[in-house]
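To start, the structure under review is shown below, and the notes come after it.
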Amino acid sequence: MSMSIASYAFSIPSISKCSDEAIQERANMALVFERYKDRLATLPKEKGWITENLYLYQGFWHQSSRRISVETLMALQDTFKAHPTDIYLATLPKSGTTWLKALVFALVNRNLFKDNCLSTHPLLVSNPHNCLPFIETEIFRDTPTYTDPHSLRLFATHIPYTSLPQSILDSGCRIVYLCRNPKDVLVSMFHFANRLRDKLLGPLTFEETFTSFSKGVMPTGPYWDHVKGYHKVSLEQPENVLFLTYEDMKIHTASNVKRLAKFLGFPFSEDEEAEGAIQRIIRICSFENLSEANKHGNFREDIPNDAFFREGKVGDWTNHLTDEMSSILDEITKEKFHDLHISF
Ligand SMILES: Nc1ncnc2c1ncn2[C@@H]1O[C@H](COP(=O)(O)OS(=O)(=O)O)[C@@H](OP(=O)(O)O)[C@H]1O
């Protein structure tokens, strides 16, 4: 299925949330948590990273009582209706979600924000997470993000492939999966969790996060099963699922943005390429530009904007993992990915 930009009306999510909406959202969240509390109580649990516990549901570990949580997943599985034209950006947390959201938002909306209005480009005045929502948070909204039934809907999700709401699996919509070296995911998650973790729970040590990660216990982990689920379907249904890696995106950014645009049905014309449209998008979404735009303010009441921007580099794990830790993760990855061609 190929689309042209002209054939779709975009509704860009509203960037500032008024306080009435936020209050309503919190009330809706409380109702969802209440509805699934009995099921939650039956699930095995382990010590959490950001929240006190993680719960094992359908083979993956999830937080509870948060916007992205096991109760939200259950509610989505019960009620979420996908459209065949939806686009989902799937990632394990800390794999480059924010960057991918920015790139996809910038490329599909490129005709709305040309050079002359760059200073007001949504990505340079707001957090990419405001521009492209997670389906996990849609469940709490009274008014859906995309109100126009004909608009193309762009969503992100951390849900493992095998737990996606059935309507997404049945809809034939497109999914982009971004995967990152497990050692950099671990390090990024370690820093993120310690920033966001409730102070009453005390800080996490790197050793304990390493042990949990190796056992597969991290939000929406095991890491390896999450990656394998999407990788398998990208081989079976390449027209529906595009599999990318953060590391390759870093080295070959332009060719990957071009590939993304084609896969999503928004290919760059020769003229656009010649006039530098791809480079413009890459520039807007660079770590430097996005982190500068998100130096201040909060994404949510409990999440500062700058928590999503730390180093933005490949290989920061060398500053955190001992040789022994590195070999252990290499061994697990080799064993779990032995039949896959994924390189970082
Ligand atoms: N524009 C851009 N380019 C490259 N890298 C970027 C960019 N924006 C964010 N980052 C880095 O991505 C890491 C955060 O991961 P996620 O965005 O997946 O986090 S989240 O799941 O949405 O919470 C986190 O990685 P670490 O720096 O290694 O912690 C961010 O710094």
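What you are looking at is a predicted structure, and each value in this text was computed from that prediction instead of being measured. Read the numbers this way: they start at 1 and go in the same order the structure lists the ligands and their atoms.
The distance criterion of under 3.5 Å between nitrogen or oxygen atoms is not met by K313 with respect to ligand 1. Residue contacts with ligand 1: F192 is placed with no nitrogen or oxygen under 3.5 Å of a nitrogen or oxygen of the ligand (distance criterion only). Note: an N/O pair closer than 3.5 Å links G96 and ligand 1 by distance alone.
With respect to atom 31 (O) of ligand 1, the closest heavy atom belonging to the protein is R310 N, 3.0 Å. In this structure, atom 20 (S) of ligand 1 lies nearest to the protein heavy atom K94 NZ, 3.6 Å. Considering only non-hydrogen protein atoms, atom 18 (O) of ligand 1 sits nearest to T97 OG1, 2.5 Å. In terms of protein heavy-atom proximity, atom 2 (C) of ligand 1 is closest to W99 CG, 3.5 Å. Given atom 30 (C) of ligand 1, the protein heavy atom at minimum distance is F308 O, 3.3 Å.
Counting heavy atoms closer than 4.0 Å to ligand 1, residue C285 contributes backbone atoms (N, CA, C, O) but none from C-beta onward. Contacts of Y246 with ligand 1, taken as heavy-atom pairs under 4.0 Å, involve the side chain alone. Contact annotation for S188 and ligand 1: heavy atoms of both the backbone and the side chain come within less than 4.0 Å of the ligand. Contacts with ligand 1 closer than 4.0 Å are made by no heavy atom of A102, backbone or side chain. Here T98 has heavy atoms under 4.0 Å from ligand 1 in both its backbone and its side chain.
Ionic pairing of E52 and K45 is not present here: no N-O contact between side-chain nitrogen and carboxylate oxygen is shorter than 4.0 angstrom. Classification of R174 and E239 as a salt-bridged pair fails, no side-chain N sitting under 4.0 Å from a carboxylate O. For R300 and E25, the salt-bridge test passes: some basic side-chain N is under 4.0 Å from an acidic carboxylate O. With respect to the salt-bridge test (charged N to carboxylate O, under 4.0 angstrom), the residues R310 and D316 qualify.
Heavy-atom proximity to G312, at under 4.0 Å, picks out these atoms of ligand 1: 5 (N), 26 (P), 27 (O), 31 (O). Which parts of ligand 1 touch S95 is read off a 4.0 Å heavy-atom cut-off, strictly below it: atoms 15 (O), 18 (O). Atoms of ligand 1 found under 4.0 Å from any heavy atom of L290 (numbered from 1 in listed order, with element): 1 (N). Per-residue contacts place H158 under 4.0 angstrom from the following atoms of ligand 1 (heavy atoms of the residue considered): 21 (O). Atoms of ligand 1 lying under 4.0 Å from any heavy atom of P93, numbered from 1 in the order shown and given with element: 21 (O). Close approach to S286 involves these atoms of ligand 1, each under 4.0 Å from a residue heavy atom: 1 (N).
A ring pair (Phe, Tyr, Trp, His ring centres under 6.0 Å) with F213 is found for exactly one of F190, W224, F206, W317, namely W224.
Between H191 and H320, the distance separating the two ring centers is shorter than 6.0 angstrom. In this structure, F155 has its ring center under 6.0 Å from that of Y146. Between Y55 and H62, the ring center distance fails the sub-6.0 Å criterion.
Looking only at side-chain heavy atoms (C-beta outward), F243 and L235 stay at 4.5 Å or farther from each other.
Because its NZ or CZ atom is not both nearer than 6.0 Å to the ring centre of F105 and within 45° of the ring axis, R110 does not count as a cation-pi partner of that residue. K250 forms a cation-pi arrangement with W99, by the criterion of a distance under 6.0 Å to the ring centre and an angle within 45° of the ring axis. In this structure, K94 satisfies the cation-pi test against F192, with its NZ or CZ atom closer than 6.0 Å to the six-membered ring centre and inside 45 degrees of the ring normal.
For T91, the closest heavy-atom approach to ligand 1 does not fall below 4.0 Å. Under a 4.0 Å heavy-atom criterion, R180 is in contact with ligand 1. Assignment of H129 to the shell around ligand 1 is supported, since a heavy atom sits closer than 4.0 Å. Proximity of H191 to ligand 1 is not established, as no heavy-atom distance is less than 4.0 Å.
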Could you please spell out the steps behind the side chain to side chain contact (heavy atoms under 4.5 Å, CB included) verdict for H83 and R153? CA-CA 8 Å; H83 299 173; R153 306 190 310 172; 3.4 Å; yes
Under the side-chain hydrogen bond (donor to acceptor under 3.5 Å, both in side chains) criterion, do Q58 and T162 qualify, and how do the steps go? CA-CA 8 Å; Q58 298 181 337; T162 45; over 6 Å; no
